[in-house]
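We use all heavy atoms of the structure for the numbers below, so side chains are in, but hydrogens, waters and symmetry mates are not. The shown structure was predicted, so the numbers you read here are calculated from the model rather than taken from an experiment.
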Amino acid sequence: MGLLKGVDFTGLSVALLFFNLLVGLVVGIGANWGTQLTHPLPPATVVKMLKDNGIQKVKLFDADSGILNALSKSGIQVMVGIPNEMLYSLSNSMQAAENWVSKNVSSHVSNGVDIRYAAVGNEPLLSTYNGTFLPTIFPALQNIQSALIKAGVSNQVKVTIPINADVYDSGGSDLPSNGDFRPDTKDLMLEIVKFLSDNGAAFTVNIYPFISLYNDANFPADYAFFNGYSSPINDNGRIYSNVFDANHDTLVWALQKNGFGNLSIIVGEIGWPTDGNLNANVKNAQRFNQGFMSHIKNNAGTPMRAGPVDAYLFSLIDEDAKSIQPGNFERHWGLFYWDGTPKYQLSLGTTGSNGLVAASGVQYLEKKWCVMSPSASLDDPEVALSVSYACSNADCTSLGYGTSCGDLDARGNISYAFNSYYQINNQLDTACKFPNLSTVATGDPSTGNCKFRIMIRASSSSSENAGAGSLEKPSCLGMVFVFMFLYTIL
């Protein structure tokens with residue numbers, strides 16, 4: 001749909017909720033907390049980091065009891081998530097819905113967790129799912145709502161469904177006023193919208209300007225940001241100089257045309273990755289996220305909706321075990337690296353600091369790295385197999401054209417792959433035993449923007465997830481990446 005292209009990707013996962021902005025001061029800010037990491041920080045560490053940064057709301061993609069327990073009496077408002085895989089059972093069994101609410105909502109509310117939302121599914125209507133969840137998403141939503149009512153918590157906890165922006169479009173034009181729900185999803189969307197409206201809930205939508213640029217080489221880059229676009233769109237006197245406003249207001253028009261113009265909107269995910277793609281870098285991410293903060297801080301809203309914008313910035317922490325099927329950038333959306341270190345200067349407007357506050361008390365493994373041995377030959381037939389194995393079982397998404405480590409030579413690329421595998425496997429001696437190719441070094445091989453990172457020590461709560469075998473099996477796309485990478489360096 002022209003510049004208002006929807007996003008056709010699996011939802012990803014961590015975000016900041018910018019809410020109730022007064023005179024340029026953000027007084028309610030939240031973060032989506034994703035957990036697809038080989039070495040997750042202890043929940044208590046992340047909760048402290050949220051509080052140190054003045055983040056007052058958090059959105060989860062499941063209902064992990066350890067995380068919810070850490071949030072107890074923290075003063076942080078919580079949205080718990082229900083994975084798509086659970087929709088079938090929840091849609092077909094009221095008892096299953098009641099059990100889920102009892103275990104994951106009621107018990108934690110009574111324990112001091114300030115749960116405000118239950119997110120039913122995550123982008124379940126994506127076209128890439130081929131309609132898998134079409135029969136189950138609405139019944140699951142109804143059953144969870146009924147279970148919340150039965151449990152006596154429905155006044156505090158509201159249902160919602162994080163939905164991808166591709167469920168609506170502007171009919172092939174770039175004018176938001178032409179917005180409506182796509183014909184193939186319209187009937188279902190109107191059922192969902194009416195149900196949300198009847199129960200005092202909000203419509204949650206994920207908007208990704210980065211994906212518009214990623215999908216379309218002809219997309220005007222400056223239109224993805226909040227400054228610098230020289231050809232704003234005039235829609236009957238409403239001026240759009242960035243695609244976020246235009247996309248948001250396309251949804252506003254879709255709701256208005258169907259009789260739900262007053263329905264609250266939450267932007268469930270919006271952000272910019274820092275690696276894994278030519279346009280995914282620290283400079284662009286800082287420009288986008290700080291631009292977004294400045295854009296919404298004075299309650300200006302959008303041309304169709306003045307007032308505070310309720311939005312989650314994606315994401316809080318990088319997740320090195322996420323699927324890279326949508327793209328190598330998937331593991332790099334965080335404001336923080338996986339060890340809780342800030343990536344760039346960003347003012348959230350919630351504390352006296354003009355920057356992000358790092359996680360405290362993080363412990364690291366020894367300062368040693370697995371690299372390609374100086375005596376090893378690039379012509380060794382084991383190189384291709386070894387790099388393929390390392391990248392399939394670790395994270396090589398910072399390698400490739402336009403990435404943070406894109407300027408490494410062949411030996412540097414191989415060393416990066418070896419070290420990623422070595423660190424993810426907790427620096428085990430056997431993890432740096434690539435046949436006649438590798439050695440352990442005590443000098444940091446990092447260069448420029450390319451960091452050869454040392455892994456954090458696995459906490460007792462996450463040790464079962466760390467190390468060999470903890471990563472999901474590589475997808476076909478992941479293997480294609482490995483072979484393209486090998487072709488490039490050898």
Side-chain angles (χ1 to χ4, degrees), residues 5-15 32 34 36-38 61 84 122-123 126-130 162 164-166 206-219 221 223-225 243-244 247 268-289 313-335 337-338 343 388 391-406 413 416-417 420 449-450 471-489:
K5 182 178 295 182
V7 183
D8 191 21
F9 283 100
T10 302
L12 320 173
S13 285
V14 183
N32 268 328
Q36 296 184 62
L37 298 93
T38 58
F61 291 90
N84 291 334
N122 186 51
E123 297 187 331
L126 276 174
S127 58
T128 51
Y129 289 143
N130 297 316
N164 193 274
D166 69 352
N206 298 340
I207 299 175
Y208 281 101
F210 170 80
I211 300 297
S212 295
L213 185 60
Y214 177 79
N215 280 342
D216 184 357
N218 297 316
F219 188 89
Y223 194 49
F225 297 92
V243 72
F244 166 75
N247 196 310
E269 297 176 13
I270 180 171
W272 202 278
T274 57
D275 212 347
N277 176 261
L278 179 63
N279 292 309
N281 54 62
V282 167
K283 181 180 178 180
N284 281 348
Q286 197 279 338
R287 177 187 177 189
F288 182 86
N289 288 328
L313 186 66
F314 192 87
S315 62
L316 183 67
I317 304 173
D318 278 354
E319 299 174 75
D320 66 342
K322 287 190 72 174
S323 168
I324 59 171
Q325 186 169 359
N328 290 331
F329 54 83
E330 279 299 299
R331 295 176 179 173
H332 303 280
W333 288 94
L335 299 177
Y337 295 106
W338 37 258
K343 294 181 178 180
S388 176
C391 288
S392 295
N393 292 281
D395 181 20
C396 292
T397 56
S398 291
L399 299 174
Y401 176 70
T403 62
S404 64
C405 295
N413 277 289
Y416 188 96
S420 179
N449 292 325
C450 181
L471 286 176
E472 59 192 51
K473 293 181 179 179
S475 64
C476 293
L477 185 62
M479 294 306 297
V480 169
F481 163 74
V482 170
F483 291 125
M484 289 180 65
F485 161 70
L486 288 171
Y487 177 79
T488 300
I489 67 171

Approximate separation, where rounding is to 0.5 Å, of Trp338 CH2 and Ile317 CD1 | 11.5 Å

Between CZ on residue Phe219 and CG on residue Leu213, distance to nearest 0.5 Å | 7.0 Å

At what distance, to the nearest 0.5 angstrom, does CG of Leu316 lie from CG of Leu335?
-> 6.5 Å

CD1 of Ile270 to CG of Asn247: how many Å apart, nearest 0.5 Å?
-> 9.0 Å

List the atom of Ile324, the atom of Arg331, and the distance in Å for their closest heavy-atom pair.
-> CG2-NE, 3.4 Å

Closest heavy-atom contact between Leu37 and Gly34?
-> CD1-O, 3.7 Å

Counting distance only, does the side-chain N/O of Asn84 pair as donor-acceptor with the main-chain N or O of Asn122 below 3.5 Å?
-> yes

Would a 4.5 Å heavy-atom cut-off, applied to side chains only, mark Tyr208 and Asn215 as touching?
-> no

In terms of heavy-atom contacts, Ser398 and Thr403 come closest through O-OG1, 2.8 Å

Under the ring pair (Phe, Tyr, Trp, His ring centres under 6.0 Å) test, residues paired with Phe288 that sit two or more places apart = Phe226, Trp272

Just by modelled atom types, is the Asn206 backbone N or O under 3.5 Å from a matching donor or acceptor in the Glu269 side chain?
-> no

Residue set satisfying side-chain contact (heavy atoms from CB on, under 4.5 Å) with Asn449, at least two apart, ordered chain then number -> none

Can you name the nearest heavy-atom pair linking Pro209 to Val243, along with the distance?
-> CB-CG1, 3.5 Å

Donor-acceptor under 3.5 Å (Asp275 side chain, His332 main chain) = no

Counterpart residues, side chain to side chain donor-acceptor pair (under 3.5 Å), relative to Ser420 (two or more places apart) | none

Between Phe210 and Tyr214, how do the two ring planes meet: parallel, tilted or perpendicular, split at 30° and 60°?
-> parallel

Do Thr274 side-chain atoms and Val282 backbone N/O form a donor-acceptor pair below 3.5 Å?
-> no

With rounding to the nearest 0.5 Å, note down the distance linking OH in Tyr416 to SG in Cys391.
-> 9.5 Å

Take Gln325 and Thr128 through the side chain to side chain contact (heavy atoms under 4.5 Å, CB included) test and state the conclusion after the steps.
-> CA-CA 11 Å; Gln325 186 169 359; Thr128 51; over 6 Å; no

What's the spacing between Cys396 SG and Asn328 CG if we round to 0.5 Å?
-> 9.5 Å

Side-chain (Asn284) to main-chain (Asn279) donor-acceptor, under 3.5 angstrom | yes

Minimal heavy-atom distance between Leu399 and Cys405, with the atoms involved, is CD2-CB, 3.7 Å

